[in-house]
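First comes the structure, then the notes that go with it.
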There are 2 protein chains.
Amino acid sequence: MVVHAGEHLSTRDLIINEALHCFSEVGYDGTSLNDIAAGVGIRRPSLLHHFPSKEALYHEAFERLLSDWFERLAGAIASSERGWSKVQLVIGAGFDFFADNHEYVRLMRREALDGGAHLGIDLAAVLRPLWDRSVDFFREQMEAGVFRQHDPEQLLLTGYGAILSYFSDSPFLGGLLDEDPLAPDALLRRRDHITAFFRTALVP
Amino acid sequence: MVVHAGEHLSTRDLIINEALHCFSEVGYDGTSLNDIAAGVGIRRPSLLHHFPSKEALYHEAFERLLSDWFERLAGAIASSERGWSKVQLVIGAGFDFFADNHEYVRLMRREALDGGAHLGIDLAAVLRPLWDRSVDFFREQMEAGVFRQHDPEQLLLTGYGAILSYFSDSPFLGGLLDEDPLAPDALLRRRDHITAFFRTALVP
DNA sequence: GCAGACCTACCTACTGGTCGGTAGGTCGAG
DNA sequence: CTCGACCTACCGACCAGTAGGTAGGTCTGC
């Protein structure tokens with residue numbers, strides 16, 4: 001997983017963390033291997049001793065981030081809850097993960113923007129099973145009358161945009177609002193709103 | 001405004017259109033002046049005869065796009081409608097503009113991702129007045145009992161994410177769904193869903 | 001003749017990546 | 001304990017390629 005604390009980190013891990021930071025902040029093209037190496041405190045050739053190429057480094061860093069995210073969501077998804085409480089659980093888990101890793105949400109968004117095309121992983125293919133399961137879940141619950149009728153895919157798209165955008169665009173939103181969107185109480189308010197908003201839309 | 005058709009365009013306009021295309025597709029760093037020049041059918045120094053620098057070109061292209069967007073929304077915003085029909089009008093105008101210019105939505109998103117920091121315009125500052133007016137509008141209508149009670153800013157944030165993300169992330173979403181998100185009937189379905197979704201959330 | 005649009009040729013800065021080499025540690029053989 | 005073989009981690013110097021940008025010349029229409 002993404003190692004956060006500052007102890008006993010191998011150079012490899014330091015590089016990956018710094019790479020995630022740079023790639024998130026200024027994108028793939030905007031990041032030079034020199035930047036990453038400097039952030040770790042080594043030179044570029046030393047970095048390339050640990051990773052064969054820039055693309056390989058990106059690939060590994062992104063994959064680590066993705067598996068982190070999956071791991072974090074797994075519990076909520078696998079839970080045997082049904083109906084609204086399950087949705088609430090998953091929304092909460094997703095939101096909290098993004099809040100804890102808000103820096104890296106921008107990396108995911110960049111990847112989505114470019115369709116994951118030019119670099120490594122096919123994000124859509126990886127997420128597809130999860131997506132399909134969610135669609136099925138909503139369809140079931142709607143047919144059972146537990147939720148109001150909506151197009152399940154459209155509903156998920158809306159949720160996706162509502163949660164992700166808040167974090168990915170936080171540098172921009174900070175200028176639109178009067179407070180830091182990532183401040184604890186702002187996060188709490190956002191979390192509450194999204195939950196309440198979808199509750200009113202779903203629960204009859 | 002952004003000139004779409006292919007007649008009587010000055011080289012300047014051709015450059016700006018091609019620049020918007022490239023910047024949207026692969027971002028600022030991912031676009032070279034050679035790419036743009038080649039798209040227009042001239043050489044790079046000739047391009048730099050019309051614009052003093054890459055950044056200046058980006059600035060002008062983006063500003064043109066932004067003023068287009070304002071112009072398009074102005075009618076809907078200035079309308080004297082109140083309540084839900086006004087919201088419907090603005091949502092519709094925004095959605096349709098994005099649909100017509102889906103390519104450029106990705107440019108706006110890139111700008112939001114980077115907080116507009118490193119290039120030219122402070123997007124947030126430009127949009128701020130519009131934002132504040134919208135917040136006030138919702139607050140009024142809620143207090144008047146026309147709309148259900150929500151946090152107006154949170155509501156706008158959700159709408160922002162729900163509409164914009166669909167277009168900006170369409171390359172990614174195409175892999176998640178079974179159809180092209182930008183196909184006419186897919187667009188229609190998205191438009192209907194967003195409208196209906198916010199109607200249920202707002203109209204008591 | 002002149003001005004604008006365009007070109008080729010060139011510059012510097014920086015990119016990702018390779019090369020050869022070195023400091024320091026670990027190992028097993030004698 | 002010592003010696004040499006081997007290893008990982010790191011470095012400076014260098015490479016080819018490309019970036020944005022400039023200088024100076026040519027061509028065309030007024």
Side-chain angles (χ1 to χ4, degrees), chain A residues 3 6-64 107 110-111 114 116-121, chain B residues 3 6-64 107 110-111 114 116-121:
Chain A
V3 187
E7 32 171 333
H8 299 318
L9 294 191
S10 68
T11 303
R12 255 189 84 90
D13 286 332
L14 284 173
I15 292 173
I16 289 194
N17 280 1
E18 182 65 22
L20 277 175
H21 172 70
C22 291
F23 287 142
S24 301
E25 209 67 24
V26 289
Y28 184 84
D29 289 320
T31 301
S32 88
L33 292 184
N34 276 324
D35 297 335
I36 302 174
V40 177
I42 59 176
R43 311 276 155 247
R44 187 177 64 259
S46 312
L47 187 157
L48 286 163
H49 167 74
H50 295 275
F51 299 90
S53 71
K54 183 183 183 181
E55 230 178 283
L57 169 58
Y58 179 87
H59 191 277
E60 181 156 343
F62 191 82
E63 210 161 40
R64 182 176 295 205
L107 180 53
R110 290 183 197 278
E111 201 59 23
D114 299 329
H118 55 129
L119 298 172
I121 306 166
Chain B
V3 187
E7 34 171 331
H8 297 317
L9 293 192
S10 68
T11 303
R12 256 189 83 90
D13 286 333
L14 284 174
I15 292 173
I16 289 194
N17 279 1
E18 182 66 24
L20 277 175
H21 172 70
C22 291
F23 287 142
S24 301
E25 210 67 23
V26 289
Y28 184 84
D29 289 319
T31 300
S32 87
L33 293 184
N34 276 324
D35 298 335
I36 302 174
V40 176
I42 58 176
R43 311 276 156 245
R44 180 168 27 87
S46 311
L47 187 156
L48 287 164
H49 169 73
H50 296 274
F51 298 90
S53 71
K54 183 183 182 181
E55 230 178 285
L57 169 58
Y58 179 87
H59 191 278
E60 181 155 343
F62 191 82
E63 212 162 38
R64 180 175 294 206
L107 181 53
R110 289 183 200 278
E111 201 58 22
D114 298 330
H118 55 130
L119 298 172
I121 307 166

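Throughout, a chain's letter reflects where its sequence line sits, starting with A, and its residues are numbered from 1. Bear in mind the structure is a predicted one, so any value in this text is a computation, not a measurement. Just so you know, these numbers use all the heavy atoms, side chains as well, and skip hydrogens, waters and symmetry mates.
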Next item on the list: Let me know the distance between CG of B/Leu57 and P of D/dG20, rounded to the nearest Å.
Entry: 11 Å
Check: What is the nucleic acid contact for B/Leu33, judged by heavy atoms within less than 4.0 Å: base, sugar-phosphate only, or nothing?
Finding: sugar-phosphate
Pairwise N/O distances under 3.5 Å, protein to nucleotides 24-30 of chain D:
none

Notebook entry, point to check: Quick one: B/Ile36 CD1 to D/dA19 P, roughly how many Å, whole number?
Noted result: 11 Å
Item checked: Whole angstrom value for the distance that separates P of C/dG16 from OH of A/Tyr58 -> 15 Å
N/O-N/O pairs, protein side and nucleotides 3-7 of chain C side, under 3.5 Å:
residue : atom : partner : partner atom : Å
C/dA5   : OP2  : B/His49 : NE2          : 3.1
C/dC6   : OP1  : B/Thr11 : OG1          : 3.4
C/dC6   : OP2  : B/His50 : NE2          : 2.7
C/dC7   : OP2  : B/Arg43 : N            : 2.7
C/dC7   : OP2  : B/Ser46 : OG           : 2.4

Margin query: A/Glu18: which residues meet the salt bridge (charged side-chain N to carboxylate O under 4.0 Å, His left out) condition with it, sequence neighbours left out?
Written below: none
Margin query: For B/Glu111 and B/Tyr58, which I'm curious about, is there any donor-acceptor pair between the side chains at under 3.5 Å?
Written below: yes
Notebook entry, point to check: Would you call B/Arg64-B/Asp13 a salt bridge at under 4.0 Å N-O?
Noted result: yes
Notebook entry, point to check: Do any N or O atoms from the side chain of A/Lys54 and from the backbone of A/Tyr28 form a donor-acceptor pair under 3.5 angstrom?
Noted result: yes
Let me check something: any side-chain donor-acceptor pairs from residues 38-46 of chain A under 3.5 Å, sequence neighbours excluded? List them with distances.
residue : atom : partner : partner atom : Å
A/Arg44 : NH1  : A/Asn34 : OD1          : 2.7

Margin query: Output the rounded distance in Å from CG (A/Leu48) to C1' (D/dG12).
Written below: 14 Å
Notebook entry, point to check: Hey, is the side chain of B/Asn34 poking within less than 4.0 Å of OP1 or OP2 on D/dG20, counting only N and O atoms?
Noted result: no
Next item on the list: Side-chain contact test, heavy atoms from C-beta onward, threshold under 4.5 Å: evaluate it for A/Leu20 versus A/Phe62 and give yes or no.
Entry: no
Margin query: Could you work out, with salt bridge (charged side-chain N to carboxylate O under 4.0 Å, His left out) as the rule, every residue matching B/Glu25, not counting sequence neighbours?
Written below: B/Arg106
Check: If you measure from CD1 on A/Ile36 to CG on A/Leu57, what distance do you get to the nearest 0.5 Å?
Finding: 5.0 Å
Item checked: Spacing of A/Asp35 atom CG relative to C/dC14 atom P, expressed in whole Å -> 11 Å
Item checked: Angle of first-five versus last-five pair axes in the helix from C/dG1-D/dC30 to C/dG30-D/dC1, to 10 degrees -> 10°
Next item on the list: For residues B/Phe51 and B/Ile16, determine if any side-chain heavy atom of one lies less than 4.5 Å from a side-chain heavy atom of the other.
Entry: yes
Next item on the list: Please determine if A/Arg110 and B/Asp114 form a salt bridge, counting it only when a charged side-chain N lies under 4.0 Å from a carboxylate O.
Entry: yes
Check: Is a donor on one side and an acceptor on the other found under 3.5 Å between the side chain of B/Asn17 and the backbone of B/Leu14?
Finding: no
